[in-house]
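Below is one structure, written out as structure tokens, with a few remarks after it.
First the proteins, then the strands, lettered A, B, ... as listed; each starts at 1.
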2 protein chains.
Amino acid sequence: MAMTNSEAIMVPTYSRFAMLGSNPIALAMPADPYPFFFDASTSVVTRGKLEIYDKLGKPLPEGWALNAEGKGTTNAAEVLHNIVDKNGGGIMPLGGECEQTGGHKGYGYGMFCEIFCSILSIGVTSNHTHTGGKGGTCHGFLAMDPKIFGDPTQIKEHFSVFLQELRDAPKAEGATRIYTHGEKEVFAYDDRMKHGIAVNINTISEMKDLANYLGMDFEAYLGHVETSGGRQSSYD
Amino acid sequence: MAMTNSEAIMVPTYSRFAMLGSNPIALAMPADPYPFFFDASTSVVTRGKLEIYDKLGKPLPEGWALNAEGKGTTNAAEVLHNIVDKNGGGIMPLGGECEQTGGHKGYGYGMFCEIFCSILSIGVTSNHTHTGGKGGTCHGFLAMDPKIFGDPTQIKEHFSVFLQELRDAPKAEGATRIYTHGEKEVFAYDDRMKHGIAVNINTISEMKDLANYLGMDFEAYLGHVETSGGRQSSYD
């Protein structure tokens, strides 16, 4: 297990102020034919998702973000600006804005992460991280030896059978596939190694600015990337 | 931490079949003036919530349950029936039906619980629990000594300060209070000790049937409860 807190972006249930980070919880465990690998923010989405929508000039889906008054908004630029300026608003916890859809649970999993990161270490909580230096963010790690519980080979086999049962479960109408966590990444890795990584044109532009600032020859590098199979396209 | 799997009620993302239980994860930690106590199913709601809506004859809120085809439904009776008969359908993971609102994350936290309960123990996974006997459900427990990380008194103080900062954070428009997890229960406990426990009239009727079946004098007991401050009312 690995966890980290971050600059505050997640608004606790009934608040209008970001007090927790994206606070991801990651859990990995060996299995065949590929490992289980779950890594997800406890906020409904990460700040990076908002940045993509902002770059594309697209409105956010409902149920992701709150404005400075703590009401739902689809304006990515406004939310990102408010997070930086600590004006209020931010991203909803997993489960959304209210208790009816379990927003207090996402807030709770965010606390789970915060406890393992900044509380047990008597470190900087998400709401007190700062710009400059390392920002004060804290991390939590936990490793367990399966031998404590039984034969690791048997445990792995048992887990692999269950993961296959999940993949083989009846599909929802219109769905063709059920994924286990980490499976998409296994296939994405193969795809990216073959076809390169799609990068948004605005990100390319930001990278160019950064390269100029650092006195690096970005154009030469970009040319190299493209001729070696890189793709340059928009996010969907 | 305490976790348990259960009879399968949660439908993994893109499936139409319940493969995981309500799979709650509970985490408690000392704090002043009251402890942090988070205990929540990794499904958007528990089966018990559906039973309440069914008893009241009310339609379920959107975003809770799926029918046998894996499509959203508000029919509690149908979903409960389908879960028992393993016809397909069930309750959505925390985060809802699709990836856009993070349903795959609730499914992931459900897996987290499943790993600590039935996988490490090489026990019965939620999709293989059975009626009769103990059903095969498995539990996982984890206790950590805060002394591993630092001075327990300091850790508790640090945590208590953060919890108070959460309660003191600016409120959303229309909200009057931000809760930390377990706080509602502290106040509910005091209220119930003073005013008794509200019980739905259909539940009273079920209890009466059960008492009759067991040859117990339910009426006498109910009378006693009422005169000692018990309330009998509907759930909101």
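Residues A:Thr42 and B:Lys105 have side chains that never bring a donor and an acceptor to within less than 3.5 angstrom of each other.
Heavy-atom distances place the side chain of B:Phe116, and not its backbone, under 4.5 Å from chain A. Proximity to chain A (any heavy atom under 4.5 Å) is shown, for B:Phe112, by both the backbone and the side chain. Heavy-atom distances place no part of B:Glu157 under 4.5 Å from chain A, backbone and side chain included. Residue contact with chain A, scored on non-hydrogen atoms closer than 4.5 Å, involves the side chain of B:Phe162 exclusively. Only the side chain of B:Met1 has a heavy atom closer than 4.5 Å to any heavy atom of chain A. Heavy atoms closer than 4.5 Å to chain A are found in both the backbone and the side chain of B:Met19. In this structure, chain A has a heavy atom under 4.5 Å from the side chain of B:Lys184, while its backbone stays farther away.
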Exercise for the section: Would you sort out whether B:Phe149 and A:Ile119 count as a side-chain contact (heavy atoms from CB on, under 4.5 Å), showing the intermediate values? Expected result: CA-CA 10 Å; B:Phe149 299 98; A:Ile119 300 299; over 6 Å; no

Problem - Worked verdict on A:Thr125 versus B:His158 for side-chain contact (heavy atoms from CB on, under 4.5 Å) - result: CA-CA 9 Å; A:Thr125 52; B:His158 182 54; 4.1 Å; yes

Exercise for the section: Please test A:Thr180 against B:Tyr107 for side-chain contact (heavy atoms from CB on, under 4.5 Å), starting from the C-alpha separation and ending with a verdict. Expected result: CA-CA 9 Å; A:Thr180 57; B:Tyr107 163 33; 4.0 Å; yes

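Ranked by non-hydrogen atom pairs under 4.5 Å with chain B, the options A:Pro93, A:Gly123, A:Gly174 are led by A:Gly123. Heavy-atom pairs under 4.5 Å with chain A peak, among B:Glu62, B:Lys49, B:His128, B:Gln154, at B:His128. In terms of heavy-atom pairs under 4.5 angstrom with chain B, the leader among A:Ile148, A:Leu163, A:Thr176, A:Leu166 is A:Leu166. Between chain B and the options A:Tyr109, A:Trp64, A:Phe36, A:Phe17, heavy-atom pairs under 4.5 Å are most frequent for A:Tyr109. Between chain A and the residues B:Ala175, B:Gly70, B:Ala40, B:Gly108, the most heavy-atom pairs under 4.5 angstrom are made by B:Gly108.
The minimum heavy-atom distance between A:Thr101 and B:Val44, with the atom names listed, is O-CG2, 3.4 Å. Residues B:Ile178 and A:Thr13 come closest through the heavy atom pair CG2-O, 3.8 Å. When all heavy atoms are compared, the tightest approach of B:Phe159 to A:Met111 is CE1-CE, 4.0 Å. The shortest heavy-atom contact between B:Leu94 and A:Gly106 is CD2-N, 4.1 Å.
In terms of modelled atom types and a separation under 3.5 Å, the side chain of A:His104 and the main chain of B:His181 share no donor-acceptor contact. Between the side chain of A:Ser15 and the backbone N or O of B:Pro170, at least one donor-acceptor pair lies under 3.5 Å.
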